[in-house]
Colleague: 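The structure that follows is given in the form of structure tokens.
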Amino acid sequence: MSDRRGWRVHLPDGSSRRIDRRGLVVGRGFDADIVVPHARASRQHVLIRVAPTGPQAVPLTPAPTWVDGEPITTTTMLVDGCRLAMPGLELRVRTSSDDPTTAPVWVLERESGALLGVPESGISVGGDPTDDVVVDGWPAAALRLYIVGGRLSVANAVEVEIDGRHVEPDGLEPLERGARLEVCGESLHVLGGGTRVSERTTAEPSISAHPTLPHRVRLSFRPRGGELEVVVGSRQYRVELPERRCELVACLLRPQGRLKAGQMVRDEEIGGRLWPQRAVVRTDLNVLVHRLRRDLTAAGLDGARLIERARGGHATRFCLAPEAVVRLD
């Protein structure tokens, strides 16, 4: 019998991802659909797909994978509510009918007046039939819209202007209510977020204008990189960072002179410490900031807001709660 139900994967941070016809690859690689920032996870660890008889987990590596606490080594059927685990991550698989109808959304308005809702699971917008929202003439996955901690961010595969500020491809930027995006010759207007959206109205954002910031941060250096531990409220996050991104975090958490962690650090100081043999190139630093933001976002943090660039560039900071404890090992 064919299973015609929709299925979703629910993450520990409360977000979820629809299992589409391509399936979802989970792993440590940054090209995975769900990234697991854990050294014991494989780059492509497991494929979650929906067969005619229901969802399946397909191990892609000999590394451990468990379904409801039992190790699996071959394709395994999944049932509603089951737990799929691997080093560093546990997921739940549920039917789409279990998703609450009042799940928070953000809403963007296109020039035509059409409204584009962004659910907690996020969406891709582009010209490929596999994109969640298909816009004729756009490149595939031109934009990916994320919601982390109730806040909206955009990752762009093409050049974008946000409120008149140019953003190169491969960026990850926060979006505020009222922001305007210029992309592929079209303008998108961020109307806001709320619990429900009708065809004509949107609710006011249901979140604070100031998301909770880390009150404890620890950076531990390793060969060719390091581990960043971030504590926000009662939750602890761990992020494995490559060498250059680890050095950037060190510059922001331990700036020179009279600056303190959490304050803006000028590009010249960052560039002098990261690239001492040459003058800083703004594009290099922007790319590094974007990649660091993606690492943090993949770990469940709000990377686009934790790593803040000054208006117009020229300086960067790691946003911290007042009196935050910072430690570098």
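Sequential numbering from 1 along the given sequence is applied to the chain's residues.
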Colleague: Provide the closest heavy-atom pair for T75 versus P59 in the form atom of the first, atom of the second, distance.
Modeller: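 Minimum heavy-atom contact is N-CD, 4.0 Å.
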
Colleague: Should V93 and L89 be counted in the same cluster of Ile, Leu, Val, Met, Phe, Trp and Tyr side chains packed under 4.5 Å apart?
Modeller: yes

Colleague: Answer yes when R18 and D33 have at least one side-chain N-carboxylate O distance shorter than 4.0 Å, and no when they do not.
Modeller: no

Colleague: Using a 3.5 Å distance criterion without hydrogens, assess whether the side chain of R177 forms a donor-acceptor pair with backbone atoms of L191.
Modeller: yes

Colleague: Quick one, I48 and L91 - any side-chain contact, counting heavy atoms below 4.5 Å?
Modeller: yes

Colleague: Hey, are R238 and E227 close enough for a salt bridge, meaning a charged N less than 4.0 Å from a carboxylate O?
Modeller: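 Salt bridge present between R238 and E227.
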
Colleague: Which atoms form the tightest heavy-atom contact between R22 and L47, and what is the distance?
Modeller: O-CD1, 4.2 Å

Colleague: To check you understand the geometry: which heavy-atom pair defines the closest contact between S187 and R180, and what is its length?
Modeller: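 Between these two residues, the closest heavy atoms are OG-NH1, 4.1 Å.
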
Colleague: Under a 3.5 Å distance rule, please check whether R83 uses its side chain to pair with a backbone N or O of E90 as donor and acceptor.
Modeller: no

Colleague: Report yes or no: do L328 and F318 belong to one cluster of Ile/Leu/Val/Met/Phe/Trp/Tyr joined by side chain heavy-atom distances under 4.5 Å?
Modeller: yes

Colleague: Quick one: does N156's side chain have a donor or acceptor within less than 3.5 Å of a partner on V158's backbone?
Modeller: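 Side chain of N156 to backbone of V158: a pair is present.
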
Colleague: Is it true that E240 and R28 have a side-chain N and a carboxylate O under 4.0 angstrom from each other?
Modeller: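 No, no charged N to carboxylate O under 4.0 Å.
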
Colleague: Are side-chain N/O atoms of Q263 and R317 paired as donor and acceptor at under 3.5 Å?
Modeller: no

Colleague: Checking side chain to side chain contact (heavy atoms under 4.5 Å, CB included) against V249, which of L296, D295, L241 comes through?
Modeller: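 Among the candidates, only L241 passes.
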
Colleague: Looking at R244, I'd like to know if its CZ atom is crowded, meaning that more than 12 non-hydrogen atoms belonging to other residues, nucleotides or ligands lie closer than 6.0 Å.
Modeller: yes

